[in-house]
Structure formats: C-alpha cells, structure tokens
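Below, chain A is the first sequence line, B the second, and so on; all start at residue 1.
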2 protein chains.
Amino acid sequence: MGRHREFDVEKALDGVLCVFWRKGYEGASYADLTAAAGVERPALYSAFGNKEALFRKALARYYERYLDYIPAALKLPTSREVAAHILHNAIDLNTRFSNHTGCLVINGVLAGSDDAEPVRQILIEARAVAEAQLRGRFEQAKAEGDLPETAKPGTLAAFLMAVLHGMAVQAKAGFSRETLEAVAEQALSCWPGAKSTPSGKSS
Amino acid sequence: MGRHREFDVEKALDGVLCVFWRKGYEGASYADLTAAAGVERPALYSAFGNKEALFRKALARYYERYLDYIPAALKLPTSREVAAHILHNAIDLNTRFSNHTGCLVINGVLAGSDDAEPVRQILIEARAVAEAQLRGRFEQAKAEGDLPETAKPGTLAAFLMAVLHGMAVQAKAGFSRETLEAVAEQALSCWPGAKSTPSGKSS
DNA sequence: GGGTTTTAATAACGATCATTATGAAATTAG
DNA sequence: CTAATTTCATAATGATCGTTATTAAAACCC
C-alpha cells in the first residue's frame with residue numbers, strides 16, 4: 001500500500017558514491033549529494049538514513065563493486081602474485097575515473113572535525129580488516145614454503161598496505177598510471193622469493 | 001604609535017599548527033583554532049589573514065620546525081642513507097605527538113570541498129617539490145656510481161614518497177613506531193646497491 | 001471511489017561556518 | 001593632557017551545514 005518509489009535506489013547510491021569518492025565524507029555536502037543522486041534531500045534520508053549511514057552504504061557498495069579484486073587476489077597461488085594482483089588492480093581503480101581518483105577508503109576521512117570521528121574509525125577498521133586478510137594469506141604462504149622462514153607476514157602486509165595507501169595519495173594528486181606502475185614494480189622488486197628448499201624434497 | 005600586541009605570534013601559530021595537523025584544513029574550525037592559539041578570532045585575522053593564509057603560514061612553520069631533516073638528509077653521502085634517514089625521521093615525526101599523528105602535508109587536505117581546492121593544490125605542490133629534490137639527489141647518486149646504471153631516480157623518488165605517504169596514513173590510524181620501522185626496513189630492503197664496478201677501478 | 005498510506009518536493013529548522021563591525025582599552029605623539 | 005592609532009573582546013554578519021516539518025501527489029486496499 002502506498003506510493004511507489006520513483007527513483008532507482010542503486011543509481012542514486014552510485015551517484016552518492018562518486019561524490020564521497022571525490023570529496024570525502026565531510027567535503028561532500030547534501031547539495032553535492034542530491035545533485036549527483038538526482039534526488040531531493042528527504043528521499044536520501046528516507047532511503048538511506050542520515051549522512052553517516054549514507055556513507056556506510058556507499059562504502060559497502062564500493063567494496064562489492066570496486067574492491068572485489070581483493071578476495072580474488074587472495075586465492076592466487078603465490079604471495080607474490082597476490083601482492084602484484086592487488087597492486088595493479090589498485091592502480092587501475094585509482095586512475096580509471098578522472099572525476100574521482102584515488103581510493104574512497106583513503107579519501108573518506110583522514111583528518112577531520114570531531115563530528116567525522118565515527119566515519120574515520122570505520123575506515124581505519126576497514127583498512128585493518130584488509131591488512132589482517134593479507135597477513136593471514138602471507139602466513140599461509142610461509143607455511144606452504146612460498147615464503148622463506150625469515151619472512152614476516154605482518155610486516156609484508158603492513159608494507160603492502162603502506163604502498164597502496166601512498167599510491168592512493170599520489171593518484172589523488174594526479175599521478176599517472178605509468179608512474180604508479182613503476183612504484184608498484186619497485187615495491188615488488190624486494191618481495192621475498194620462494195624458499196630455496198635446501199633440505200626440502202618437492203613432493 | 002598605538003597599542004602593543006599582547007600575545008606571542010609564534011606561540012599562537014604553533015597552537016594553530018597543532019590543530020591543522022590533527023584535524024586538517026577543513027576540519028579545523030575557528031573555535032578550535034582560537035582555543036589552541038589562546039587568542040580571539042580578530043587577532044588571528046589581523047596577524048595572519050584569512051584561513052587559507054593562516055594555513056600557509058602554519059605549513060611554512062611546519063617545514064622549518066619539523067621537516068628540517070629533509071635538507072639535512074639530502075647531504076648524506078649515499079642514496080641509501082638519504083632514504084633511510086628520511087624514513088626514520090618521518091616515522092619519528094609521525095608518531096612523536098599523540099595529539100597530532102601523521103603528517104600535516106598529508107592530513108591537510110586529501111579530498112575536500114571545492115572551497116578547499118586551493119589548499120589541496122598547495123600541498124600537492126609541496127609534495128612535488130620534495131619528490132623533485134629526491135629525484136635530483138638520486139640522479140646525482142647515479143652519476144657518482146652510488147646507484148647502478150639501471151636505477152631510475154624518478155621511480156625511486158616516487159616510491160620513497162609513496163612509502164612515506166602510506167606510513168603517514170598508517171600513523172594517523174594509530175600504527176606504532178615499531179610497525180612503521182618494520183615497513184621502512186622492508187622498503188629499504190630492495191634499495192639498489194652501489195655499482196659493483198665490474199670494470200671500474202676505485203680511485 | 002473514498003480512505004489510507006507512502007513518496008515527492010518545497011521550504012524551513014537551529015547550528016555552525018568563516019569573516020568582520022563595533023566600541024572599549026591601551027599606547028604613543030604632540 | 002589631548003588626539004591619534006592600534007589591539008582587544010564581544011557579538012553580529014550572511015552563508016551553508018545536516019536534518020526535518022509540511023503539504024501535495026500518487027498508488028494501494030476495501
């Protein structure tokens with residue numbers, strides 16, 4: 001019973017996502033958001049809740065639409081392939097759209113007013129989850145002999161995330177895909193190789 | 001002629017700097033700024049100009065008070081020492097103050113409203129200057145044989161900056177000094193070594 | 001088809017934003 | 001001591017912030 005919704009909720013969310021991606025959480029005003037969503041303010045509130053809830057839903061959509069290469073990468077056979085796949089896909093994502101470069105999880109809130117603190121923590125937690133997934137995958141690689149005994153999975157995960165974050169900052173500053181690819185290659189150049197298995201027998 | 005200033009301009013600027021460092025350009029309100037400076041709004045305006053001018057002066061002070069390790073590092077004898085010195089000093093700066101972690105040049109404005117675009121460009125330019133200095137120093141290292149012929153100074157500079165930016169993001173998220181030191185070590189582990197001078201005679 | 005319910009659009013809400021009039025207090029020049 | 005000048009603190013400016021009444025339009029139920 002009642003009137004139907006006249007706008008496509010997912011389309012509106014996509015528009016909202018682009019604005020948050022470009023301007024961050026606090027930098028995006030409702031004037032921007034409604035213009036991009038093609039919908040008036042009360043419609044956004046009734047469909048998504050307040051600004052923080054709206055951002056959370058945009059972030060969830062970002063993960064499922066644009067960050068799906070991460071779970072895919074984690075299934076690759078070697079830790080080096082995992083790292084390389086994530087680096088290259090991140091570069092593509094960070095430079096593909098000229099209207100919103102970089103990464104939403106970095107652009108969202110790095111530093112902001114006290115009002116933005118909850119959203120800042122959400123993004124910190126999201127990055128921590130990704131880093132933990134990488135550490136787990138690299139621990140597995142170590143157990144499999146894909147990484148040497150001396151390798152530190154936690155350090156490799158933190159290092160890879162640092163390079164990803166740094167490239168996101170650079171992409172937001174307008175760096176070219178080619179420059180970022182060179183950065184990624186440099187980061188990969190010191191990736192620990194497979195165990196030389198001096199005493200191991202390959203089955 | 002006229003009344004004397006009753007507050008210390010440099011002290012006030014230091015207070016302002018801390019707020020910008022912690023909350024970024026747009027996240028810092030005049031309520032925050034005046035509280036930290038210990039001075040009323042009109043005093044800030046008469047002494048420094050508007051918010052953008054105030055930020056520029058805080059940024060200049062940041063460079064001379066906290067980023068003086070960069071010109072010092074550029075004078076070190078080898079490119080590896082340059083990179084290591086900058087990485088370690090950046091980590092210290094990013095974690096030394098619990099009230100304003102990370103880096104002002106990153107926290108300032110990454111993504112924001114259109115109003116913040118001028119300040120965003122200022123920070124992009126500041127980072128570009130640092131990267132160009134590094135590239136110049138690494139070109140010199142290459143010419144001196146400190147870096148191999150295959151080394152790409154521009155890539156090394158961009159890579160080093162990426163790691164620095166990534167660590168600044170991580171520091172702002174609360175990462176420990178120890179974790180960041182491990183990240184820096186990983187970044188340095190692939191630093192190109194001195195030319196092996198297979199046909200060269202050491203003088 | 002009237003009554004109910006949900007959505008849509010306009011416009012208003014109080015709060016806060018950066019910026020600045022305003023006038024009192026303080027210092028120097030004559 | 002008076003006049004001129006600068007700084008000080010209070011408070012007001014218009015604009016914009018996120019959020020929400022309010023009212024008209026549309027779609028369902030009985």
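Scored by the side-chain hydrogen bond (donor to acceptor under 3.5 Å, both in side chains) test, B/Arg41 finds no partners at all (sequence neighbours excluded).
Side-chain atoms of B/Phe7 and B/Arg5, non-hydrogen and from C-beta on, do get closer than 4.5 Å to each other.
The 12-atom threshold is exceeded at CD of A/Glu64, counting heavy atoms of other residues, nucleotides or ligands nearer than 6.0 Å.
Contacts between residues 29-45 of chain A and DNA chain D, defined by a heavy-atom separation below 4.0 Å, involve A/Ser29, A/Tyr30, A/Arg41, A/Pro42, A/Tyr45, listed by number. For the segment residues 107-115 of chain B, the set of residues with a heavy atom within less than 4.0 Å of an atom of DNA chain D is empty.
Per the geometry, CD belonging to B/Glu26 stands 16 Å off C1' belonging to C/dT19, to the nearest Å. Rounded to whole Å, the distance from CZ on A/Phe7 to C1' on C/dT6 is 12 Å. Atom P of nucleotide C/dT5 and atom CZ of A/Arg5 are separated by 18 Å, given to the nearest angstrom. Atom P of nucleotide D/dC17 and atom OH of A/Tyr25 are separated by 14 Å, given to the nearest angstrom. Look at NZ on B/Lys51: it is 8 Å from P on C/dT19, rounded to the nearest Å. Atom CG of A/Leu54 is separated from atom C1' of D/dT19 by 13 Å (rounded to the nearest Å).
The CG atom of A/Leu44 lies 11.5 Å from the CG atom of A/Asn50; values are rounded to the nearest 0.5 Å.
Side-chain polar atoms of B/Gln121 and B/Glu125 form no donor-acceptor pair below 3.5 angstrom. A/Ser113 and A/Glu26 are linked by a side-chain donor-acceptor pair at a separation below 3.5 angstrom, with hydrogens and angles left out of the test.
At least one donor-acceptor pair closer than 3.5 Å links the side chain of B/Lys172 to the backbone N or O of B/Arg22.
Nucleic acid contact class of B/Ala28 (heavy atoms, under 4.0 Å, all strands): sugar-phosphate only.
At C/dA26, none of the side-chain N or O atoms of B/His4 fall inside 4.0 Å of OP1 or OP2 (strictly under the cut-off). Neither OP1 nor OP2 of C/dA18 sits under 4.0 Å from any side-chain N or O of B/Asn50.
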| said: Is there a salt bridge (Lys or Arg N to Asp or Glu O under 4.0 Å) between B/Glu139 and B/Arg135? Walk through the geometry before answering. | reply: CA-CA 6 Å; B/Glu139 283 168 352; B/Arg135 190 188 62 237; 3.8 Å; yes
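Contact annotation: side chain of B/Arg3 to base of D/dT7, donor-acceptor pair present below 3.5 Å.
Aromatic ring centres of A/Tyr45 and A/Tyr30: separated by under 6.0 Å.
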